[in-house]
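Note that these values count all heavy atoms, side chains included, but never hydrogens, waters or copies made by symmetry. Bear in mind that the values here come from a model prediction, so they are computed numbers and not experimental data. Convention: sequence-line order gives letters A, B, ...; per-chain numbering from 1.
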There are 4 protein chains.
Amino acid sequence: MAARREKYDRRQREVVAIAAELFARRGFQATSMDDLSDATGLRSGGLYHYIGSKRALLLAIFSELMDPLLEQASGIETGTPEEQLRELVRVWVAHIEAHLDHMAVFAQERHSIEHEPEWEDVRASRDAFEAILARRLADVGITDRLQHFALLGMVNHTATWLKPGGRLTAQQIADGYCDLILQ
Amino acid sequence: MAARREKYDRRQREVVAIAAELFARRGFQATSMDDLSDATGLRSGGLYHYIGSKRALLLAIFSELMDPLLEQASGIETGTPEEQLRELVRVWVAHIEAHLDHMAVFAQERHSIEHEPEWEDVRASRDAFEAILARRLADVGITDRLQHFALLGMVNHTATWLKPGGRLTAQQIADGYCDLILQ
Amino acid sequence: MAARREKYDRRQREVVAIAAELFARRGFQATSMDDLSDATGLRSGGLYHYIGSKRALLLAIFSELMDPLLEQASGIETGTPEEQLRELVRVWVAHIEAHLDHMAVFAQERHSIEHEPEWEDVRASRDAFEAILARRLADVGITDRLQHFALLGMVNHTATWLKPGGRLTAQQIADGYCDLILQ
Amino acid sequence: MAARREKYDRRQREVVAIAAELFARRGFQATSMDDLSDATGLRSGGLYHYIGSKRALLLAIFSELMDPLLEQASGIETGTPEEQLRELVRVWVAHIEAHLDHMAVFAQERHSIEHEPEWEDVRASRDAFEAILARRLADVGITDRLQHFALLGMVNHTATWLKPGGRLTAQQIADGYCDLILQ
DNA sequence: TATGAATGAGCCTTCATTCAT
DNA sequence: CATGAATGAAGGCTCATTCAT
């Protein structure tokens, strides 16, 4: 039945969201399935009905982070090169603002992502995004890798200090970063 | 006897260095004391002779990272404001280059540092460094928090892509970053 | 309605047969209800409709194995003592040939059967069969327990090497065993 | 230190013996590591110091069963063919008598041994023993597979009824079996 | 100094079973 | 009749740490 399926999917997304929050705060490894059980209200068995494994949960979090960003980023195709770059950074910062927990988990589990074959897809997504960024920078005449890395660093770092509903909007932040890069 | 003490200290520093490397590559939690035992050639009992606990090892890594940086940073007192800022960033990037493993562990265990009372001292060191940075930026007329965070982001991010002995020197990188911030 | 009842019984027997096959191959404990679910096409709820419990399934397999054999064995009443013994062994081997999976499960779960009060009935069936065997052997003058056990051993062991449709028929095998025992 | 090593080995053998007994009585899967912990007096961690894994324990039991038997069996080389066959069966039954628990575990886990690649070595040992048996039978003129299987069946089955210190000695049993096979 | 045996708490996961739908 | 969400107990195993030697 479709209604049942829909309910299942909704519950699954809830679990992933709760997991992202816990992982962000306490760390992936330091968060036990029991913690998750308490936070979701599902007993361990029920939890596994939705997630498969703790590892799969991590993968789900990464997918939720990377997939939509990549899609939005590749959809930007109108305007001058500078407008396209600015739009890309805006979308990017907005996405980070909407996924602060996901970003924290991502940063924290960097070593897993970098070294384990299991995370190939995640690495590929990240590389694809960085390729788009490099192209947009090239389109405005920036081919220096240092500036590419600088932009990457400042934007990603945003997740560690940005408070949603704070003084600065994602758009203002993004524009500020672009101003630095574009003189 | 002093010679014995010296040998003890040397061995201890070796253990911390090896630990930093393992933690950077596999993650702190994912690295077991057994892994460390294999890597150091010391059995568990011997290991505990030098380190006290796994947690203490982490603290030692953070101290090795923060303490000398803070000392160098606070020693910069000559030259124009811009020269002082540039010198600060140079020292900082050079320190990161010399402590890539420590930086990786630091980034990875961010959540512990941020939330647990045990890490108060580490937080204090970091805040002290950022205060120095803020002062140097203010001295050249930059009071916008966004630029402060941008600089912090790009410099810290350096640890993830910098390969020692690569094309760019720490000095070139630091100057590139300063150029962005100072127009 | 009788038709409904009949359908239920047929489905039930199907489930038992599939279970016997899985249990024989992978082991009783190593086979999960999920495996059974996959193999039968019934989901867990539906499965329990037919079987009651995993334990009951095991009991059903044992009953299917022992009950008809016991019935056939006690029906042998004509001919000379030697003819009766030979007929008993023929029936027995033929039954084993027709229930290889059941035999494998039986052998594997020997320890449960031997030690747990729950399996009293199964033990009783087995003892009843062995009593008939002992009587038939006594009728031909064999009272030595060693020969009784030897026959038991060789016949039961047949289940581990006999391939249905192989070179030897059940009758030939049975006669071969009897020849050994009867000189 | 050698004394330490020796103590370790002794303790390890003790654990395997206790495990064999428990597995024989309750079944391999039905015996938990906690049961073993209680029976050995070692807590779970200490247990793993000696065994590696539950699976490895099973393998150790099989090795203790098959390796010495195979060695003894291949050492029989003097006397007439009939004497050699009789000696083989005597050694075999005596070995079974001395390893009733091991035999029970072996019989019970037949399905694992038969189907899983992990048990290749155990299968190879068993096949090697059966090859020796086949050769000894051929030497006395018995090439009929049925008699080979019959002997295998009766001897292996001995483990299920033989009580150490009972009325019959291993030698008497072995001779009884050989009498059946050799007319 | 250093070893390694031993601990014991905790972890992720499985699984037979129930029950509302 | 049948589904599948949910349970909860248990299982095998890991691991930081201690301590007698």
Side-chain angles (χ1 to χ4, degrees), chain A residues 1 3-5 7-8 11-12 15 28-37 40-57, chain B residues 4 7-8 11 28-37 40-58, chain C residues 4 7-8 11-12 28-37 40-58, chain D residues 1 3-5 7-8 11-12 28-37 40-57:
Chain A
M1 208 200 280
R4 194 176 259 180
R5 175 69 201 224
K7 196 175 173 186
Y8 178 92
R11 206 95 159 79
Q12 193 177 44
V15 169
F28 174 69
Q29 305 239 37
T31 304
S32 71
M33 294 306 285
D34 255 34
D35 293 336
L36 246 166
S37 189
T40 56
L42 278 167
R43 301 303 117 229
S44 59
L47 214 45
Y48 275 82
H49 193 51
Y50 291 102
I51 60 159
S53 76
K54 201 187 180 193
R55 222 67 202 290
L57 204 43
Chain B
R4 181 174 283 180
K7 194 178 173 190
Y8 179 91
R11 206 93 158 81
F28 172 68
Q29 305 240 36
T31 304
S32 69
M33 295 304 286
D34 249 38
D35 293 333
L36 245 134
S37 189
T40 57
L42 279 166
R43 301 301 118 233
S44 56
L47 215 45
Y48 274 83
H49 240 278
Y50 291 104
I51 60 159
S53 78
K54 201 187 178 192
R55 224 60 202 296
L57 206 42
L58 196 53
Chain C
R4 180 174 284 179
K7 194 177 172 189
Y8 178 92
R11 207 93 160 81
Q12 195 178 40
F28 173 68
Q29 305 239 35
T31 304
S32 71
M33 294 304 285
D34 251 38
D35 294 334
L36 242 125
S37 190
T40 57
L42 280 166
R43 300 302 118 232
S44 55
L47 216 45
Y48 274 83
H49 239 279
Y50 291 104
I51 60 158
S53 78
K54 202 187 179 193
R55 228 41 200 310
L57 206 42
L58 196 53
Chain D
M1 207 200 280
R4 192 176 260 180
R5 175 69 200 222
K7 196 175 173 187
Y8 178 92
R11 206 93 160 79
Q12 195 177 42
F28 173 69
Q29 305 240 36
T31 304
S32 72
M33 294 306 286
D34 255 34
D35 293 336
L36 245 166
S37 188
T40 56
L42 280 167
R43 301 302 118 232
S44 60
L47 215 44
Y48 276 85
H49 192 51
Y50 290 102
I51 60 160
S53 75
K54 201 188 178 192
R55 222 66 202 289
L57 205 42

Whole-Å distance separating the [atom1] atom of [X] from the [atom2] atom of [N]:
| X | N | atom1 | atom2 | value |
| --- | --- | --- | --- | --- |
| B:Asp34 | F:dT17 | CG | C1' | 12 Å |
| D:Met33 | E:dC11 | CE | P | 20 Å |
| D:His49 | E:dA5 | NE2 | P | 3 Å |
| C:Phe28 | E:dC15 | CZ | P | 13 Å |
| D:Leu47 | E:dG4 | CG | P | 20 Å |
| B:Arg43 | F:dA16 | CZ | P | 15 Å |
| B:Tyr8 | E:dT1 | OH | C1' | 11 Å |
| D:Tyr48 | E:dG10 | OH | P | 18 Å |

### Query
Using purine N1 to pyrimidine N3 plus N6-O4 or O6-N4 for Watson-Crick, or N1-O2 and O6-N3 for G-U wobble, each under 3.5 Å, what pairs with E:dT21?
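Paired with E:dT21, as far as the under-3.5 Å criterion goes, is F:dA2.
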### Task
Determine which nucleotide pairs with E:dA16, using a 3.5 Å limit on both distances of a Watson-Crick or G-U wobble pair.
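Paired with F:dT7.
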Please determine whether a side-chain nitrogen or oxygen atom of [X] lies at a distance below 4.0 Å from atom OP1 or OP2 of [N].
| X | N | result |
| --- | --- | --- |
| B:Arg4 | E:dT1 | yes |
| B:Tyr50 | E:dA2 | yes |
| C:Arg11 | F:dC1 | no |

#### Entry: Rounded distance [0.5 Å steps], NE2 in B:His49 versus OH in B:Tyr8
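If we round to the nearest 0.5 Å, B:His49:NE2 and B:Tyr8:OH are 7.5 Å apart.
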### Value rounded to 0.5 Å, distance of OG in C:Ser44 from CG in C:Leu36
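Rounded to the nearest 0.5 Å, the OG-CG separation comes out at 11.5 Å.
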### Task
For A:Ser53 and for B:Leu42, locate the closest nucleotide of DNA chain E by heavy-atom distance; then report the residue assigned to the nucleotide nearer the 5' terminus.
B:Leu42
### Message
Need to verify one output field. Residue with the more 5' nearest nucleotide on DNA chain E, C:Arg55 or B:Ser44?
### Response
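With C:Arg55 and B:Ser44 compared, the 5'-side residue is B:Ser44.
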### Closest to side chain of C:Lys54, choosing from F:dA16, F:dC13, E:dT17
E:dT17
### Task
Scan D:Thr31 against the nucleic acid and name what it touches under 4.0 Å (heavy atoms): base, sugar-phosphate only, or nothing.
sugar-phosphate
